[in-house]
Number of protein chains: 2
Amino acid sequence: MARAATTTDVFNAIAEGSRRNILETLSGGEAAVGEIVDRLRLPQPQVSKHLGVLRSVDLVRCRTVGRRRLYRVNGAALKPVHDWARSFEGHWNAQLDRLDDLLTELQQPDSHEGEAQ
Amino acid sequence: MARAATTTDVFNAIAEGSRRNILETLSGGEAAVGEIVDRLRLPQPQVSKHLGVLRSVDLVRCRTVGRRRLYRVNGAALKPVHDWARSFEGHWNAQLDRLDDLLTELQQPDSHEGEAQ
DNA sequence: AGATCATATGTCCATATGGGAATGTGTCAA
DNA sequence: TTGACACATTCCCATATGGACATATGATCT
């Protein structure tokens, strides 16, 4: 199998940076496709396709007004992401960080420098 | 361009369900590759490859003990995801949900309304 | 009716993928 | 040393992708 479809779930949908940018743009409130195009300076077909992906996982919803389509964020769809990440909250606290440092130290008896890639 | 590499950032890395499962498995503490294989019932090469992706975005770290490799979560790498999702928190609250309901309502000429044209 | 605006959809392609299978590497035991 | 174990790496392939471009749909206005 290849990589899972971007429309599989919210995690796949927000993997793409442009789609996160679109969501951030919509964070302030409803916006038409053209406004998103102007703000993000992306080709209109691209924006429409990204919006299609976001819509398919219910991250955005839209209503039609005249010949424009106003999109808005459905933040509730992001709650699972928030909660999932939050379940690791204990892992970015001081206690465990010190343990991690210790383990890292034990692993590398020498250097203090150098990030791989 | 094709889809961004899974190693591009944390968002891409956690898009894959198996990798999220691995992180959850490691949530309880250090574990060797073989333990992950047993718990998730995945082929060992797959687990190793997933771990490679997770390592490349610093979501996991490992130390070598004998001929085993003990992996652990670096939860701090998930904080950006948490914070980003959290920035939409206002969008999954009652106030805005009611607004959303209203907009959805307006969108669907559902009620006792005559057809105009 | 056209013409024009706003958006969606379709086609093409280079690219990265995850899964499967086989093989390589490094460590320990006998 | 040889062999068994634990893990990483490599190869192959079907598949979905995002970008660029062209085109279709649909609503509004003259």
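Each chain gets a letter, A, B and so on, in the order the sequences are listed, and its residues count up from 1. As a basis for the values below, the full set of heavy atoms in this structure was taken, side chains included, without hydrogen atoms, waters or symmetry mates.
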- Note on the structure: chain B reaches DNA chain D, atoms under 4.0 Å from its heavy atoms, from D/dA4 to D/dG19
- Taking the side chain as every heavy atom from C-beta outward, state whether B/L40 and B/I22 have any atom pair closer than 4.5 Å. yes
- So does B/R39 have more than 12 non-hydrogen atoms from other groups sitting under 6.0 Å from CZ? yes
- Note on the structure: Contacts of B/Y71 and A/H50 projected onto DNA chain D by closest heavy atom; the upstream (5') one is B/Y71
- What's the spacing between A/S56 OG and A/D9 CG if we round to 0.5 Å? 10.0 Å
- Item | B/K79 with A/E89: basic N within carboxylate O range, under 4.0 Å | no
- Note on the structure: Correct closest heavy-atom pair for B/A85 and A/L78 would be CB-O, 4.2 Å
- Query: Heavy-atom count around A/R20 CZ within 6.0 Å, excluding the residue itself: above 12?
  - Reply: yes
- Steps toward salt bridge (Lys or Arg N to Asp or Glu O under 4.0 Å) verdict (A/R63, A/E30): CA-CA 10 Å; A/R63 64 190 179 109; A/E30 277 188 325; 2.5 Å; yes
- Between atom CD in A/Q46 and atom P in C/dT11, what is the gap in whole Å? 18 Å
- Note on the structure: Scanning both residues in full, the closest heavy-atom pair of B/V57 with B/V10 reads O-CG2, 4.1 Å
- Item | Interatomic spacing from CD1 in A/I14 to OG1 in A/T6 - rounded to 0.5 Å | 12.5 Å
- Query: With a 4.0 Å cut-off on heavy atoms, is B/A32 in touch with a base, just the backbone sugar-phosphate, or nothing at all?
  - Reply: sugar-phosphate
Every protein N/O lying under 3.5 Å from an N/O of nucleotides 21-30 of chain C:
unit_1 : atom_1 : unit_2 : atom_2 : d
C/dT27 : O2     : B/R67  : NH1    : 3.3

- Message: If you take any heavy atom closer than 4.0 Å to DNA chain D, which residues from residues 6-26 of chain A end up in contact?
- Response: A/T6, A/E16, A/R19
- Residue whose closest nucleotide on DNA chain C lies nearer the 5' end, A/R3 versus A/L51: A/L51
- Item | Protein-nucleotide distance (A/R55, atom CZ; C/dT9, atom C1'), rounded to Å | 11 Å
- Item | Short side-chain donor-acceptor distance under 3.5 Å, B/H50 and B/R19 | yes
- Message: Closer than 4.0 angstrom, basic N to acidic O: yes or no for B/R55 and B/D58?
- Response: no
